[in-house]
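Worksheet for the structure shown next.
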Amino acid sequence: MMPKETAADRAGGEHILACLSSSPSNARIMHTASKMAAAFRGSFTALYVQTPGSRSMSASDRERLHANMRLAENLGADIAVVEGEDVVEQIAEFVRVSGITILVLGRSSTSRRHIWSPPPLSERIREQTPDIDVHIIPDPASDSDYRERRVYLPGQILSGVSDVLIMGVILTLVTVLGSLFLRLHFAEYNITPVYILGVLLISVFTRGYACSVIGAVLSVVLFNFFLTEPRFTFHAYGSGYPVTFAIMLATAIITGTLANRLKDQIKLSAQAAYRSKILFDTDQLLSKAHGEEEILQVTAEQLRKLLGCGVAVYPERDGRLGDCVFYSLPDEPSRPDPGEEERKVADWALHSRNKAGASTEVFPDASFLFLPVVIRSHAYGVIAVDCRGISLDVPFDSVLLSIVGECALAIESYRNHKEKEEAAVRARNEQLRADLLRAISHDLRTPLTSISGNADNLLRSGNEMDAETRTQVYRDIYEDAQWLISLVENLLAISRIREGKMELRLSPQPVAEVLEEALLHVRGRGHALRIDRTDLSDGGEKLLMARMDAKLVIQVIINLADNAVKYTPAGTEILIGACRRGPEILIHVTDTGPGIPDEDKPYVFDMFYTGRNSVADSRRSLGLGLSLCRSIVRAHGGELTLRDNDPHGCIFEFTLPAEEVMLHE
Amino acid sequence: MNKARILVVEDDAPVRNLITLTLKAHEYVYITASTGESAVLEAASHNPDIVLLDLGLPDIDGVEVIERIRSWSNMPIIVISARSEDTDKIRALDAGADDYLTKPFSVDELLARLRVTQRRLALLEASSPGESFYVNGQLRIDYAAGCVTLDGQELHLTPIEYKLLCLMARNTGKVLTHTFITRSIWGSSWDNDIASLRVFMATLRRKLESGPDAPQYIQTHVGVGYRMLKVE
């Protein structure tokens, strides 16, 4: 298949339109139009006007129409389908709306068939669109006797019988009514409209023009036979009767035809309205759909509603065909979905970004028609329409294609949106990471300077130092290294933050063990650190268990205790304890230090806040600890709060969900 | 007692120096290896008493070294891991390691682990396989009678607690992972088993370590498992 160029791809000024039909000579028109498009470097559109009559097209005509359409497509045309009763009007409308500059027509549509047939298409089009070029292609003689033939299906014949019945009933009623009028000595001019009313009713209740015309003729005959003097003969005495008959016939035929035409219009506009409604609904549903799967589902369901056949969708996953989801009709749920063989066709459609399967040239034996969901040369999936048992009216019906196009648009914008969101989250995380790294590298420098400087001193002049100085230097190195170790522990907890969320590995843990483990890692400077066991282990059976990420919660307790050590003078008592409070476990770290001034309280949980406390060893305050603690506690669904201790000092407390363990004996 | 021979497997020279310096200062005999292959070779040719094994080796995975050594010997292996994730420690313990150290570790920690392991070795030597008693500090288990006493007082243990205690006692000094313990006791290792294990261990510990001054018999390794300590 030739790569399909679209109108938008070409920069030429001319826009050439050729009309598609089921005529054998149509191929010539398409070839010529394509050559002209190439010559003018213009774009080429092939238009098919669907009329009410084209629904009852014969199989061979339909076949030819499809062939012509495929040909046009291969020649690089954009296919457009419009619906309407009046072909000329539709073409003219399309020409105006689409900015067509050249119209290519065949001869057959330009010459009159009969003396009284309407003026040729080309002339009427010229009248309606005076400012475009119309090119007429000479038609070989062999085609001249071609006419689009209608076929009558058994259903139509059957409905023909019922139409005749309706006509008979109406005419009988009208004649009876006429006789009644005559009996009542109404004037004759009262009877004629009754027949015209009868013809109008026939047009409304029957299908096709035939019944209206036959009804009109029959009413004149019946009027003559039953209601004019001499009655029950086809003679008429009155010299004015021939004129009355003629006028009556003409009025009846025109009324009938108009009514019929109106009916067709109503049908067409109802169809158009239905399709617009489906398009509109699809638009609405697609804008509400969240995620690619939902978009494809909405598309499939709308297509199923529109076409009345099963629809399967294949999403695209990293450039490959995903798993098929088949939406069968509710009344035939057992209908098989496209199998492995058809999957190959879908795969081809995805990768070539061209339609394939039933009613196309590629894999025409497939029972599904596969349409790639393509926008801007990117395929987002494949939609397969079940063509078993149904025949799509126009193979690539414009509504079908626009729904698939809408679907592609929706998926594209969803992906763009998702990408943007991800980029925003990444940017936020990057920002957080950058802030952290800046703060950390700053805070790493201080102890590292001390460690490397002190070690350097020892290397160069360790022997000259007195024992006391040396011990002090050793101690400084050790303390700074210890501080770095605790910093690293916090960094590890931070590394668990991904996509702005803390990743937890939750498990039920005995609270007492967690407190004990945490306390092992806290080094007081002469502080009295201990666990308050009053609520932890009174009675034999009361064992507090909480659901937590043990590593992180231990880190929280270490940070809180370290914080208490840092901001209180040596010798201060620091208590760590826990108690049960309803469905939660409350863990607290309490000190009896100077406490935190009220004006500082709102800021203690801020990142990089180090307070103004003079007791604090400020050069070693990352200020990260409390902010991290709050993040960890919140990730557990709890809250970290600060309140004053009585008479002085502060209490940091946080909650964790309590856990009841089903013992496995 | 400090004459144990120790194989130090560590590819980072400063850390290796730190370890060997510490060992020398405490009169241990040591040999060193800086790759996994040479570690297996040294272990086979010198048959050390204890192996200190860094898990991040340049040639082969530390866990593979453990598996290879375990194919012929039960010599105690203490792994050293620089990663904070518990999974590689657990993998090493399940592969047969006895204990672990996480970098950064202090000299005291290193020495403490060595002492624990040496006591374990001494205990293994002292007890014959058919021994029907287990004595650890004040704790005494009479396997034959199925009774446990602490400081001469009989402890009332549930069957599960007794099974747990025996399992820990048989592996004194060794860190047992949650998975290992739950498999041994219940034959399975579901999340609920591990949660149950935590409760049983907590109650067992409370029975063993009743007073605030009572020695610690069972050590909790959060996220990893438990260990029975040898109490002097």
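What you see is a predicted model, and the numbers here were worked out from it, not measured in a lab. To find a chain, count down the sequence lines: A is the first, B the second, and so on, and within it residues start at 1.
The contact between Glu516(A) and chain B is made entirely by side chain atoms (from C-beta outward), counting heavy-atom distances below 4.5 Å.
To the nearest 0.5 Å, atoms CG (Leu520(A)) and OG1 (Thr220(B)) are separated by 9.5 Å. Once rounded to the nearest 0.5 Å, the distance linking CE of Met545(A) with CZ of Arg198(B) reads 7.0 Å.
In summary, Arg205(B) and Glu513(A) engage in a salt bridge, as defined by a charged side-chain N under 4.0 Å from a carboxylate O.
Shortest non-hydrogen contact noted between Val222(B) and Glu517(A) is CG2-CG, 3.7 Å.
Annotation for Asp466(A): atom CG counts as buried by contact number, over 12 foreign heavy atoms lying within 6.0 Å.
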